[in-house]
> 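Pasting in a structure now, in structure tokens, and then I'll have a few things to ask.
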Amino acid sequence: MRYAGADPLDIGALRTARAGKRIGGDIHYFESLASTSTTAREYARNGCPEGTVIIAETQTHGRGRLGRTWESPPFRNLYTSIVLRPTIEPAQAPQIALVAGLATAEAAIAAGAPAKIKWPNDVLIEGRKTAGLLAEMDSDGDTLHAVILGIGVNLNLAHDELPEELRSKATSLAEARKQPVERHTFADLLLSALEERYDQFLGDGFAAVREAWDGLSSLRGQRVEVDANGVKHAGKAVGLDADGALLLTEKGETTRVVAGDVTIIDGYKAS
Ligand code: BTN
């Protein structure tokens, strides 16, 4: 089943919806880029305002976490990078990705898909990945100039358009809803949710969003294994620490994990 032809996103409608807004009041739209995050970084270095959004219909060198590639077929999905300029320490920058992961899951739920978050930055529908986030810093020592927040969301990708090796692990909103997604409407939902959660974070810190994040976590209560740069941790995921670290318990001991790749030991179970 195909959900979309080769229609461009309705950028005019999106610009109208975001006019005057802090995030997405200024949107730069491209048919093709190497990576929206590379272009967003250039805009940031040239002094663009906070909330500037870059969108591309396709990326020739889309980047994922841990040096991975982000598949970016044209006219199906959303590939966007947002320039943020929070007054935080560089060490807090990963919290921005957690905040944005929550906003992305909330936008997917608002669009009618039962989305959950997988720590740190994946959004899943029924255990399969539908969105990924990548927060990159532009900093000098302790001075953070900008966070470039890259978000890729599979919207109208049909199952048979996924590379074969990803078919059991990835999905799209259209597949979950069994109907296509209006891409500019989803982009507006996403930028609105991000603006709201980002404001809460700026006002009251990560603590302000932690409960909502935990409420959508796909890992809560599951036994997981985390590969933290080659160091393996296993245990039951019990939630997030105040700074966003993942907390695992094993034989009465609690371990904090600040970065890594998580596998659910017994596979995904709906909760
Ligand atoms: C991941 O799950 O590994 C993160 C994927 C992030 C992909 C998005 S698509 C828009 C932006 N531009 C990029 O090159 N990467 C991010």
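Keep in mind that the numbers below use all heavy atoms, side chains included, and drop hydrogens, waters and symmetry copies. These numbers were taken from a predicted model, which means no experiment stands behind them. Both ligands and their constituent atoms are indexed starting at 1 by order of listing.
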> Check each atom of ligand 1 against the heavy atoms of Gly64 and keep those under 4.0 Å away; list them by number with element.
1 (C), 3 (O), 4 (C), 5 (C)
> At less than 4.0 angstrom from any non-hydrogen atom of Ser37, what atoms of ligand 1 do you find?
11 (C), 12 (N), 13 (C)
> I'd like to know whether CD of Glu211 has more than 12 heavy-atom contacts from other residues, nucleotides or ligands below 6.0 angstrom.
no
> Under the ring-ring contact (aromatic ring centres under 6.0 Å, His included) definition, can you give me all pairs with a residue in residues 28-66, not counting sequence neighbours?
His28-Tyr43
> When you measure from atom 8 (C) of ligand 1 to every protein heavy atom, which one gives the shortest distance, and what is it?
Gly152 N, 3.6 Å
> Tell me: protein heavy atom nearest atom 15 (N) of ligand 1, and distance?
Arg63 O, 2.7 Å
> Find all atoms of ligand 1 within a distance of less than 4.0 Å from any non-hydrogen atom belonging to Ser81, and give their numbers and elements.
11 (C), 12 (N)
> Which pair of heavy atoms, one from Leu162 and one from Ala170, lies closest together, and at what distance?
CD1-O, 3.5 Å
> Around atom NZ of Lys129, are there more than 12 heavy atoms from other residues, nucleotides or ligands closer than 6.0 Å?
yes
> For atom 5 (C) of ligand 1, which protein heavy atom lies nearest, and how many Å away is it?
Trp70 CE3, 3.3 Å
> Only heavy atoms of Asp122, strictly under 4.0 Å: list the atoms of ligand 1 that pass.
2 (O)
> Should we count CD of Glu89 as having more than 12 external heavy atoms under 6.0 Å?
no
> Who's the nearest protein heavy-atom neighbour of atom 2 (O) of ligand 1, and how far?
Lys129 NZ, 2.6 Å
> With no hydrogens and no angle check, do the side chains of Arg63 and Thr38 hold a donor and an acceptor under 3.5 Å apart?
yes
> Do Tyr79 and ligand 1 have an N or O pair less than 3.5 Å apart?
no
> By number and element, which atoms of ligand 1 are closer than 4.0 Å to a non-hydrogen atom of Gly62?
14 (O)
> For ligand 1, which is the ligand I care about here, please tell me if Gln59 has any N or O atom under 3.5 Å from one of the ligand's N or O atoms.
yes
> For ligand 1, does Leu66 get within less than 4.0 Å through its side chain, its backbone, both, or neither, judged by non-hydrogen atoms?
neither
> By side-chain hydrogen bond (donor to acceptor under 3.5 Å, both in side chains), which residues pair with Thr39, not counting sequence neighbours?
none
> Can you name the atoms of ligand 1, numbered from 1 with element, that are less than 4.0 Å from a heavy atom of Thr80?
10 (C), 11 (C)
> Considering both backbone and side-chain atoms of Ser35, is one of its nitrogen or oxygen atoms within less than 3.5 Å of a nitrogen or oxygen in ligand 1?
yes
> For Arg68, is the nearest heavy atom under 4.0 Å from an atom of ligand 1?
no
> Using heavy-atom distances only, which candidate in Thr36, Leu133, Ile54 approaches atom 11 (C) of ligand 1 most closely?
Thr36
> How far apart are the closest heavy atoms of Gln222 and Ile264, and which atoms are they?
OE1-CG2, 3.9 Å
> Report the part of Asn121 in contact with ligand 1, treating N, CA, C, O as backbone and CB onward as side chain, heavy atoms under 4.0 Å; options are side chain, backbone, both, neither.
neither
> State the atoms of ligand 1, each with its element, that fall below the 4.0 Å cut-off from a heavy-atom position in Arg65.
1 (C), 3 (O), 4 (C)
> Please evaluate residues Gln59 and Thr36 with respect to the criterion side-chain hydrogen bond (donor to acceptor under 3.5 Å, both in side chains), reporting the C-alpha separation (whole Å), side-chain torsions for both, the decisive distance (0.1 Å), and the verdict.
CA-CA 7 Å; Gln59 303 182 111; Thr36 54; 3.2 Å; yes
> Could you tell me whether the side chain of Pro163 reaches within less than 4.5 Å of the side chain of Leu166, counting heavy atoms only?
yes
> The test is salt bridge (Lys or Arg N to Asp or Glu O under 4.0 Å); show your working for Glu57 and Arg183 and say whether it passes.
CA-CA 11 Å; Glu57 289 289 7; Arg183 292 188 299 140; 2.9 Å; yes
